[in-house]
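First the structure, in the form of structure tokens, and then the observations on it.
From a predicted model like this one, the values you see are computed outputs, not experimental measurements. Sequence lines set the chain letters: A, B, ... in the order given, protein chains first and strands last, and positions in each chain run from 1. The figures here come from the full heavy-atom set of this structure, side chains too, leaving out hydrogens, waters and symmetry mates.
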Amino acid sequence: MTNRITPLKYKYNQLLFPTPPFNFEGTVHKPSHFPSSDNSYKNGKCRFSLRYQDRTLGIGLSNLGTTYKPKIRLTTFSSKKLSNSLLESIRAEIEFRFDLGVDLKEFNKICRRDSVLKPVLKRWIGTRVSNGNSLYEFMVIATVLQNATVKRSVQMIENMFKRFGARISFDGERLSAFWPPDSIDNASEEELRALKLGYRVTMLKRQAHSLITGEIDENQLRLLSSSDLKIKLLELYGIGPASVWYLLFEVFKRYDAFEYISPWEQKIYSRLLFEKDLVDPKIILDEVNTRWGKWKMLAAHYLFEDLFWQRKTQHIPWLEELIRL
DNA sequence: CATCAGGGCCCTG
DNA sequence: CAGGGCCCTGAT
């Protein structure tokens, strides 16, 4: 266990040019995601820890552009010097994880014709599906989400950060960083149980193990068609019908990955799309399919995040009840 | 004090 | 394919 904080004193700037139109804030900060100590968003600046090629790095993203002339400053912080080729591959990885290269013209056209999304698009045009986490990290997140309230999920992931993660400081922030998977693989069951992970311990251990054996190769998986990818992801221990859509969408940017609705999401979509308390999941799924087709999950994401942004400035009682922080 | 569901999944019959 | 069990917590 390391409570020691590692300062990342080397810093490298690069410029990123997302495809226009681009929305910086909507892309780098997702208010519907639960808060955790590996990332922060303050004063328009996004910072997070990045475990990449066995290094623990700090990343800063800040906006230097406008919606139609997008430009981002990517700053990579490290405790050791980094080579140009490594910096280049970090840049490419960040561009992928934040989906900076996608062309959303067709999606925007569909949104403008849609009564529900039209006003939402006005606020968030250019927003990407984005996630700073690797597949492995997102599997961990999906696992701690299972059968738990948000508060408990946060408790579980923070317990894991404390026990297995690193602490880094850079750019005036102190953040946690994910652990190398073998530390979970080597940990004893009792040790993990002590972190109040419950029955998820088996899943977390098997996931870490399949990563270090090379059974999971994220870069290879990115090349698969969505249907093949879905089959592969469902083979991962602990990934079932609810989690697989999160992975397909957030990690692999498959914009149509919307085939399953969990009960709390069902309530939210019932409100947003039908102005009712509870609509049958199948009806919701049919509705989003006819409305938004192959862009249905991205469209739903816009609705969802827009709602959670509203929550920051106004009290939405029915939503508070569902979130149960 | 007990019981139960929660932002599921696996395993069994 | 339906249903039980699973870690833990907080609500009732």
Between [X] and [Y]: side-chain donor-acceptor atoms closer than 3.5 Å:
X: A/Q155; Y: A/N159; answer: no
X: A/E305; Y: A/T127; answer: no
X: A/D38; Y: A/S176; answer: no

### Message
If I pick the P atom on C/dC7 and the same atom on B/dT12, what distance separates them, to the nearest angstrom?
### Response
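The answer is 15 Å between these two P atoms.
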### Task
Sticking with atom P, work out how far C/dG3 lies from B/dG7, rounded to a whole angstrom.
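Nearest-Å result for C/dG3 against B/dG7 at atom P: 22 Å.
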### Query
How do A/G238 and A/K267 order along DNA chain B: which one's closest nucleotide is nearer the 5' end?
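Final value for this comparison: A/K267.
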### Task
Give one of base, sugar-phosphate or nothing for A/L236, where a contact means two heavy atoms less than 4.0 Å apart.
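It contacts sugar-phosphate atoms only.
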### Message
Classify A/Y237 by what it touches in the nucleic acid, base, sugar-phosphate, or nothing, heavy-atom distance under 4.0 Å.
### Response
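Sugar-phosphate, backbone atoms only, no base.
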### Query
Do the ring planes of A/F98 and A/F48 sit parallel (below 30°), tilted (30 to 60°) or perpendicular (above 60°)?
tilted
### Message
Angle between ring planes, A/F77 versus A/F170, binned at 30° and 60°: parallel, tilted or perpendicular?
### Response
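Ring orientation of A/F77 relative to A/F170: tilted.
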## Note on the structure
Every stem of 3 or more Watson-Crick or G-U pairs under 3.5 Å that DNA chain B joins, in order of first number, is B:2-6 with C:8-12, B:8-13 with C:1-6
### Query
Any side-chain heavy atom of A/L117 sitting closer than 4.5 Å to one from A/R291?
no
Atom pairs, N/O to N/O, protein against nucleotides 5-9 of chain C, distance under 3.5 Å?
unit_1: C/dC7; atom_1: OP1; unit_2: A/R193; atom_2: NH2; d: 3.1
unit_1: C/dC7; atom_1: O5'; unit_2: A/R193; atom_2: NH1; d: 2.4
unit_1: C/dC7; atom_1: O5'; unit_2: A/R193; atom_2: NH2; d: 3.4
unit_1: C/dC7; atom_1: O4'; unit_2: A/Y199; atom_2: N; d: 2.8
unit_1: C/dC7; atom_1: O2; unit_2: A/R152; atom_2: NH2; d: 2.5
unit_1: C/dC7; atom_1: O2; unit_2: A/R200; atom_2: NH1; d: 2.9
unit_1: C/dC7; atom_1: N4; unit_2: A/N147; atom_2: ND2; d: 3.3
unit_1: C/dC8; atom_1: O4'; unit_2: A/R152; atom_2: NH2; d: 3.3
unit_1: C/dC8; atom_1: O2; unit_2: A/R152; atom_2: NE; d: 3.2
unit_1: C/dT9; atom_1: OP1; unit_2: A/K196; atom_2: NZ; d: 3.3

### Task
Could you check how far CD of A/E250 sits from P of B/dG7, rounded to whole Å?
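So the CD-P distance, A/E250 to B/dG7, works out to 17 Å.
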### Message
Do the side chains of A/E137 and A/R51 get close enough for a salt bridge, i.e. N-O under 4.0 angstrom?
### Response
no
### Query
Got a donor-acceptor contact below 3.5 angstrom from the A/N43 side chain to the A/K45 backbone?
no
